[in-house]
A.B. asks: 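A single structure is presented below for examination.
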Amino acid sequence: MKKVINSPQNVVTEMLEGIRIANPRLSIDVENNVVYRSDVKSKKVGLVCGGGSGHEPAHSGYVGFGMLDAAISGNVFASPDPFKILSGIKYANHDNGVLLIVKNYSGDVMNFSMAADLATDDKIETRQVIVNDDVSIKDIASRRGIAGTVFVHKIAGAAAELGKTLDEVEAIANQVVKNVRSIGFSLTSCTIPEVGKPIFTISEDEVELGMGIHGEPGVRRTKLMSSKDLASYLVNEICSDDIDYTGQEVAVIVNGLGGTPLMELNIMVKDVNDLLNQKSMIPIKYFVGNYMTSLEMAGISLSILRLDKQLKELLNQPCDTVALVIGGKV
Amino acid sequence: MKFDITPSEYIDYFIKTAKILDDNRDYVTELDSLLGDGDHMVNLYSGYVKVLEQSDILRQLPLSEMMKKIGMLILTGVGGSSGLLYGSAYIACAHSLSGSTSLNQNNFEDYMVTMLNEIKKRGQVNPGDKTMLDSLNQAIVSYQLEENGTLLDKLQAFKKGAHQGFIDTKMMIAQKGRGRYHATRGIGILDAGAMTMDLQLENLADTIIRKIESEQQK
C-alpha cells in the first residue's frame with residue numbers, strides 16, 4: 001500500500017481536520033464526523049447525506065449554500081452509525097423537517113432508518129429518499145446509489161433554499177431519482193487504508209463494466225476498449241433502461257472515480273456528447289470531474305438526468321459549496 | 001445441569017473471542033474480499049476493541065446494563081451493517097435479560113432468539129440469504145431440536161449448528177449486503193459475516209460447556 005497517510009486508523013478524522021482548516025466557513029464536529037453549515041438564518045428544510053468515506057468530495061464537499069446542510073462520514077466504505085447520523089440531523093434541523101438522502105446500500109439504509117427513528121424520538125420530522133441510479137443491476141430493489149446522487153443534492157438543495165416545504169422537497173428529490181440513471185466502469189482497484197491491500201484484482205488490459213463505487217462486481221469483465229466504445233456501452237445501458245430520453249433536455253455528469261485524469265474525462269465527454277446527439281437528446285449542462293470517487297480507482301461513471309421545467313429551473317439556481325459552485329445560469 | 005455466566009465471566013468470554021477473531025483475521029478478510037470489500041473483520045474487531053477498552057467498568061455492571069453498554073459501544077464504534085446489527089442485537093438482549101443477574105440455562109435460549117429476531121428485523125434478512133444470520137439461526141434450530149438431550153448435548157448441537165450454518169452459506173446466493181451484487185457468481189464462496197458469527201457462537205458455547213464441566217467437578 002502506497003498512501004499519503006499517518007495511520008490507517010485515523011484517516012477519516014485527520015481528513016476532516018484538514019477540511020476544517022481549508023474551509024473556515026464550514027463547521028465540523030470531528031467527534032461525530034459531521035460537516036455542517038452554521039450560517040443558515042432561514043427556517044429552510046434541512047438536507048442531510050452521508051455514507052462511508054472514500055468517495056470524496058462526496059458528501060462533505062456538497063455542504064453549503066444551495067445544497068446540503070450536513071454530511072456525515074463513516075469509516076472508509078462503511079456507513080456511519082445511527083448516533084453520528086442523528087447529530088448530523090440535529091445540525092441540519094431548522095425546525096421545518098429534515099430530508100435524508102440515502103444511497104441504496106444495506107448498511108446505509110439500516111443506519112439512516114434507525115437514525116430517523118431516533119430523530120422522531122427527539123421530535124424532529126424526517127423523510128428519506130433512497131437513491132438507486134445504477135442501472136448495472138437489473139433488480140430495481142438492489143440498485144446502488146452512485147454519482148446521480150449529486151443531482152439530488154443540487155436540485156433538492158435548491159428547492160429547500162427557496163423555502164419549499166418538507167413535502168415539496170421530498171417530492172422533488174424523488175422526481176430527480178425517477179429521472180436519473182447512471183452506470184460506470186473501472187480500470188483499476190483501490191485499497192482501503194485499514195485493509196492494506198487492493199479490494200480486488202484486475203489485469204492491466206481489462207476493464208470491469210458496471211462496477212460499483214466500492215468495487216462491487218459489475219456486469220462483466222472484458223478487454224480494455226476505446227473511449228468511444230466505452231461511451232457507447234454506458235450510453236446504451238442507460239438508454240435501454242426505463243426512461244425515454246428522446247428529444248429531451250438532459251444534464252450529464254461524467255464522473256471520475258479518483259484515478260482518472262481530466263484529460264480522459266473530457267475525451268469521454270466528447271464521445272458521450274456525439275452519442276447523445278445521435279439519440280436526439282439535448283444536453284444542456286455537463287458536470288465533468290471527480291464528484292463521487294472510489295479512493296484511487298481509475299474509472300468513470302456516467303449519469304444522465306432527464307430534465308423538465310421544474311428540474312431545469314432548480315438546477316439553474318445558484319449553489320456555493322466546496323465541490324460545486326453554480327453562480328447563475330448553468 | 002446448570003450454569004451461570006456472570007457479567008465478569010461474559011467479559012472474559014469477550015476477551016477470548018477477540019483473540020479468536022484476531023487469529024482468523026487473514027482468512028475472514030480473504031473471504032470478505034471475494035464477496036465484499038474486505039473490511040468486515042477490521043470493522044467488527046474495532047467494535048471488540050471498544051468493548052475491551054471499557055472491560056473493567058463493564059465487569060462491574062448488572063448483566064442487563066452491561067449488555068446495553070456493549071451494544072452501544074458496538075453500535076457507535078463499528079458503523080456499517082455489522083455495527084448496527086450486532087449493536088442492536090445486544091441492546092435488544094439487554095431488555096430481554098432485565099431482571100437476570102447471569103446468563104444461565106433458563107434465559108440462554110431466549111437470549112439467543114432475541115438476538116436472532118432483532119437481526120432479522122433490523123437487517124430485513126432471513127435464513128438462506130447468505131449472511132451472519134445463517135450461522136445464528138442454524139445454531140438455535142439445532143439447540144432446539146436436541147430437546148431430549150442434556151444441556152451439554154444441546155450446547156454441542158448449538159456449536160455444530162453454528163458451524164454448519166456458516167458452511168451452508170457456501171452454496172447460497174446472497175440476498176443482502178454487498179455479496180448480492182455477485183448474484184450466482186458468489187456460489188461456492190463462504191460468507192465472511194457468517195464465519196465471524198460462527199467463531200463467536202462456538203466460543204460462547206465452549207465457554208458455557210467449560211463452566212458446566214467445572215461445576216460438575218466441584
Side-chain angles (χ1 to χ4, degrees), chain A residues 8-9 12 32-33 50-54 72-85 105-115 134 136-139 141-144 189-201 210-220 294-295, chain B residues 25-26 28-30 32-47 49-50 71-88 91 118-119 121-125 129-132 173-186 189 192-193:
Chain A
Q9 288 76 33
V12 176
N32 288 303
N33 295 356
S53 294
I72 309 103
S73 308
N75 289 333
V76 176
F77 293 176
S79 168
D81 70 67
F83 292 93
K84 291 195 176 74
I85 298 170
Y105 297 94
S106 301
D108 288 2
V109 171
M110 276 190 268
N111 281 285
F112 273 85
S113 299
M114 192 167 174
D134 186 350
S136 72
I137 317 282
K138 292 305 156 206
D139 170 27
S142 297
R143 280 191 176 176
R144 306 174 284 233
S189 185
C190 62
T191 298
I192 297 174
E194 279 200 85
V195 176
K197 46 188 178 192
I199 56 179
F200 63 92
T201 52
M211 177 166 274
I213 53 173
H214 313 91
E216 306 96 328
V219 180
R220 67 175 192 273
S294 188
L295 295 168
Chain B
R25 178 181 289 270
D26 290 346
V28 172
T29 298
E30 194 187 312
D32 190 34
S33 304
L34 297 173
L35 282 182
D37 49 23
D39 63 352
H40 172 63
M41 185 51 115
V42 168
N43 288 334
L44 183 63
Y45 195 76
S46 75
V49 169
K50 293 268 173 358
M72 285 300 290
L73 286 166
I74 293 179
L75 191 58
T76 56
V78 179
S81 302
S82 50
L84 183 126
L85 294 172
Y86 277 107
S88 309
I91 291 168
E118 183 68 15
I119 291 172
K121 186 183 86 181
R122 282 279 166 202
Q124 297 286 299
V125 62
D129 286 353
K130 197 170 181 127
T131 70
M132 59 158 88
I173 300 169
Q175 305 295 330
K176 289 282 164 186
R178 286 184 192 146
R180 72 180 149 168
Y181 305 120
H182 289 265
T184 51
R185 285 171 290 179
I189 302 169

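Only a predicted model underlies this, so the values are computations on that prediction, with no experimental measurement involved. Per chain, numbering begins at 1; letters A, B, ... match sequence-line order. Side chains are part of it too, since the values below use all heavy atoms of this structure and drop only hydrogens, waters and symmetry mates.
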A.B. asks: Where on Val78(B) is there a heavy atom nearer than 4.5 Å to chain A: the side chain, the backbone, both, or neither?
C.D. replies: backbone
A.B. asks: Which region of Phe77(A), side chain (C-beta onward) or backbone (N, CA, C, O), has a non-hydrogen atom less than 4.5 Å from a non-hydrogen atom of chain B, or is it both or neither?
C.D. replies: both
A.B. asks: Which atoms of Ser33(B) come close to chain A, meaning under 4.5 Å heavy atom to heavy atom: side chain ones, backbone ones, both, or neither?
C.D. replies: both
A.B. asks: Output all residues satisfying ring pair (Phe, Tyr, Trp, His ring centres under 6.0 Å) with Tyr105(A), sequence neighbours left out; order by chain, then residue number.
C.D. replies: His214(A)
A.B. asks: Determine the minimum heavy-atom distance between Arg185(B) and Gly218(A), stating which atoms define it.
C.D. replies: NH2-O, 3.0 Å
A.B. asks: Ser88(B) versus chain A, heavy atoms under 4.5 Å apart: side chain, backbone, both or neither?
C.D. replies: side chain
A.B. asks: Shorter than 4.5 Å, heavy atoms on both sides: which option in Pro80(A), Gly215(A), Gly74(A), Pro82(A) has the most such pairs with chain B?
C.D. replies: Pro82(A)
A.B. asks: For a quick test of reading the model, state the closest non-hydrogen atom pair linking Ile137(A) to Ser142(A) and the distance between them.
C.D. replies: CG2-CB, 3.8 Å
A.B. asks: So which part of Leu85(B) gets closer than 4.5 Å to some heavy atom of chain A, the side chain, the backbone, both or neither?
C.D. replies: side chain
A.B. asks: Select one option (side chain, backbone, both, neither) describing which atoms of Asn75(A) are under 4.5 Å from chain B's heavy atoms.
C.D. replies: side chain
A.B. asks: Which atoms of Arg122(B) are under 4.5 Å from chain A, going by heavy atoms: the side chain, the backbone, both sets, or neither?
C.D. replies: both
A.B. asks: Go through the atoms of Asn43(B) and report whether side chain, backbone, both or neither lie under 4.5 Å from a heavy atom of chain A.
C.D. replies: side chain
A.B. asks: Only counting residues at least two apart or in another chain, list the ones meeting side-chain hydrogen bond (donor to acceptor under 3.5 Å, both in side chains) with Asp81(A).
C.D. replies: Lys84(A)
A.B. asks: Minimum heavy-atom separation for Ala115(A) to Ile85(A), with atom names?
C.D. replies: CB-CG2, 3.4 Å
A.B. asks: Any non-hydrogen side-chain atom of Lys130(B) less than 4.5 Å from a side-chain atom of Leu35(B)?
C.D. replies: yes
A.B. asks: At a 4.5 Å cut-off on heavy atoms, which part of Val76(A) comes close to chain B: side chain, backbone, both, or neither?
C.D. replies: backbone
A.B. asks: Find out whether Leu75(B) and Leu84(B) are in side-chain contact, i.e. whether some heavy atom of one side chain is under 4.5 Å from a heavy atom of the other.
C.D. replies: yes
A.B. asks: Hey, are Ser81(B) and Arg178(B) close enough side-chain-wise for a donor-acceptor pair under 3.5 Å?
C.D. replies: no
A.B. asks: Using non-hydrogen atoms and a 4.5 Å limit, figure out which bit of Met72(B) sits close to chain A: side chain, backbone, both or neither.
C.D. replies: side chain
